[in-house]
J.: 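I am attaching a structure below and will ask some questions about it afterwards.
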Amino acid sequence: MSKALLKVAVIIGCCFCLFVQSHAQEIGLLGGSTAGTYIKFAQDIRDIAQGVLDINVSPGGSLSNIEKVLHDKHTQFAIVQYDALLYYETFKFKQLREKIKMILPLYDEEIHLIARKDSNINHVRDLGGKRVNMDKQNSGCWVTATVMREKLGLDWQEYNYAPAEALRQLRSGNIDAFIYTCGKPAPVLADLSADVSEQITLVPIELEGVYVDSIIEKGTYPWQEGDIRTKATTAVLISYNYTEETNVPERFKGYVQDIRTIIGLVCKNLDNLGKNKHPKWKEVNPARYKEIDWPVHYAAQVILDKSATGKAE
């Protein structure tokens with residue numbers, strides 16, 4: 001080979017390597033707060049894909065996660081609440097279903113209503129006029145709390161602390177309650193000792209429509225007294241509506257393959273994830289996509305169907 005041809009070959013090889021490397025660096029997966037379950041699920045997905053895909057996991061919040069999947073070239077995937085998708089579609093972008101697709105249904109997220117025992121909050125309707133933390137504005141918890149407030153027709157004093165700070169404010173007596181949407185067991189609540197039961201309590205939630213029934217069983221938290229009936233929303237893994245059509249950027253085709261890879265790896269490793277990772281992995285059922293009123297990405301649906309019938313490779 002002549003020196004000229006060798007030089008060209010080296011340049012082409014370097015360009016190819018740079019393309020592969022840059023593509024891997026562009027795979028972004030957003031979770032939730034560092035105190036929640038989303039971020040742990042995102043990290044688990046990253047770990048099972050190690051050596052196959054280079055996934056960068058970052059914290060986030062449901063509404064901002066949707067925003068970034070829509071507009072941020074560094075974010076291809078995110079975990080969000082189903083009610084956040086409905087909220088975004090209703091108030092921000094009517095055509096959201098055309099741009100954002102579900103690629104995997106995950107688990108139900110229980111709505112935790114934690115109150116001080118001396119606040120006289122024994123029912124969700126007792127929140128009227130109280131000092132209630134709703135988490136950071138535009139977070140998934142904030143969306144859920146906003147929907148609850150509208151459905152109940154209540155007015156309360158809104159606070160916007162992150163969950164860990166909200167707990168400190170609650171125990172200090174600066175707020176009366178906080179609403180926290182998180183798959184049980186929520187880490188920020190699980191780390192509390194049993195003696196805090198003298199100060200705080202979980203409050204049952206009854207609310208018609210929107211959310212599904214759920215129970216936070218006695219023993220979920222060391223300080224919990226008895227089963228608590230509550231509501232839940234569903235966490236889902238989403239992506240942009242990438243396609244493999246001839247007129248789309250080449251990276252879009254790569255992202256479609258990434259969807260196939262991620263969903264394939266998760267479905268293949270569900271048993272292992274359920275045994276060794278967060279307890280909520282035991283609830284993940286690929287077939288549940290049929291129960292959720294949101295469009296599924298075509299590349300994911302094939303694998304989800306195979307997994308649901310036991311035919312996944």
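Heads up: numbering here begins at 1 and tracks the sequence.
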J.: Answer yes or no: is there a donor N or O on one side and an acceptor on the other, between the side chain of H297 and the main chain of Y242, under 3.5 Å?
T.: yes
J.: Between V69 and A78, what is the shortest heavy-atom contact and its length?
T.: CG2-CB, 3.7 Å
J.: Under the 3.5 angstrom rule, does the side chain of T261 hit a backbone N or O of Q257 as a donor-acceptor pair?
T.: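 Yes, the answer is positive, given that a donor and an acceptor are paired below the 3.5 Å cut-off.
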J.: Walk me through it: do K130 and I121 pass the test side chain to side chain contact (heavy atoms under 4.5 Å, CB included)?
T.: CA-CA 9 Å; K130 299 294 186 178; I121 299 174; 3.9 Å; yes
J.: Do the rings of Y107 and F41 sit parallel, tilted or perpendicular, given the 30° and 60° boundaries?
T.: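 Geometry flag for F41 against Y107: tilted rings.
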J.: For E158, is there an ion pair with R149 - N to carboxylate O distance below 4.0 angstrom?
T.: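 Salt bridge flag = yes for E158 with R149.
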J.: Can you tell me if K94 uses its side chain to pair, donor with acceptor, with the backbone of T90 under 3.5 Å?
T.: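 Confirmed, K94 side chain pairs with T90 backbone.
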J.: Indicate yes or no for a side-chain donor-acceptor contact from W142 to the backbone of N160 under 3.5 Å, with no hydrogens or angles considered.
T.: no
J.: Please assess N174 against S172 for the test side-chain hydrogen bond (donor to acceptor under 3.5 Å, both in side chains), listing each intermediate value before the final yes or no.
T.: CA-CA 6 Å; N174 297 322; S172 298; 4.6 Å; no
J.: Quick one, E283 with R288, criterion salt bridge (charged side-chain N to carboxylate O under 4.0 Å, His left out). Give me CA distance, side-chain angles, the key distance, then yes/no.
T.: CA-CA 10 Å; E283 297 182 17; R288 280 197 66 195; 5.8 Å; no
J.: Between K184 and D108, does any side-chain N to carboxylate O distance fall below 4.0 Å?
T.: no
J.: Which residue, V80, V143, L85, L30, forms the side chain to side chain contact (heavy atoms under 4.5 Å, CB included) with S62?
T.: V80
J.: Taking side chain as C-beta onward, heavy atoms only, is T37 less than 4.5 Å from E109?
T.: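 When only atoms from C-beta onward are counted, E109 and T37 do not touch, as no gap falls below 4.5 Å.
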J.: Which atom pair, heavy atoms only, marks the closest approach of K40 to P187?
T.: CE-CG, 3.7 Å
J.: With sequence neighbours excluded, give me every salt bridge (Lys or Arg N to Asp or Glu O under 4.0 Å) pair touching residues 117-126.
T.: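 Output for this query lists R116-D118, K117-E225.
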J.: For residues E110 and K280, determine if any side-chain heavy atom of one lies less than 4.5 Å from a side-chain heavy atom of the other.
T.: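 Yes, at least one pair of side-chain atoms sits under 4.5 Å.
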J.: Check whether any side-chain N or O of K282 sits under 3.5 Å from a backbone N or O of G274 as a donor-acceptor pair, and report yes or no.
T.: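 Pair found, side chain donor or acceptor close to backbone of G274.
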J.: Search all heavy atoms of L127 against all heavy atoms of A177 and return the closest pair with its distance.
T.: CD2-CB, 4.0 Å
J.: Looking only at atom types and distance, does a side-chain atom of Y38 sit under 3.5 Å from a main-chain N or O of Q81, one as donor and one as acceptor?
T.: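 Confirmed, Y38 side chain pairs with Q81 backbone.
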J.: Passes side chain to side chain contact (heavy atoms under 4.5 Å, CB included), V236 versus Y289? Steps please.
T.: CA-CA 9 Å; V236 296; Y289 82 84; over 6 Å; no
J.: Would one find more than 12 heavy atoms of other residues, nucleotides or ligands at under 6.0 Å from atom NZ of K99?
T.: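 Open.
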J.: Could you check D293 against L86 for side chain to side chain contact (heavy atoms under 4.5 Å, CB included), going step by step and ending with a plain yes or no?
T.: CA-CA 10 Å; D293 183 22; L86 299 178; 5.9 Å; no
J.: Please round to the nearest 0.5 Å and tell me the distance separating atom CD1 of I292 and atom OG1 of T234.
T.: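 The OG1 atom of T234 is 5.0 Å from CD1 of I292, to the nearest 0.5 Å.
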J.: Hey, is K136 close enough to E165 for a salt bridge, meaning N to O under 4.0 Å?
T.: no
J.: Would the number of heavy atoms belonging to other residues, nucleotides or ligands and lying under 6.0 Å from CG of D155 be above 12?
T.: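 Not buried by this count: 12 neighbours or fewer within 6.0 Å.
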J.: Do the charged groups of D176 and R131 touch, with an N to O distance under 4.0 Å?
T.: yes
J.: Just checking, is any N or O donor in the side chain of E67 or Y88 under 3.5 Å from an acceptor N or O on the other one?
T.: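 Judged by distance alone, the side chains do pair up.
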J.: How close do N65 and G31 get, counting heavy atoms only, and between which atoms?
T.: ND2-O, 2.9 Å
J.: Look at atom CD of Q50 and say whether more than 12 heavy atoms of other residues, nucleotides or ligands are closer to it than 6.0 Å.
T.: no
J.: Shortest non-hydrogen contact from P286 to C267?
T.: CG-SG, 4.0 Å
J.: Which atom pair, heavy atoms only, marks the closest approach of F77 to Y255?
T.: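 That closest heavy-atom pairing would be CZ-O, 4.3 Å.
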J.: If hydrophobic residues (ILVMFWY) are linked whenever their side-chain heavy atoms come closer than 4.5 Å, directly or via other members, who joins L189 in its cluster?
T.: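 Other cluster members: I114, Y159, Y161, L167, L170, I175, F178, Y180, V188, L192, V196, I200, L202, I216, Y221, W223, I228.
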J.: Counting only heavy atoms not in E217 (residues, nucleotides, ligands), do more than 12 fall under 6.0 Å from its CD?
T.: yes
J.: Answer yes or no: is there a donor N or O on one side and an acceptor on the other, between the side chain of T75 and the main chain of G28, under 3.5 Å?
T.: no
J.: Between the main-chain N or O of E98 and the side-chain N or O of N241, is there a donor-acceptor pair closer than 3.5 Å?
T.: yes
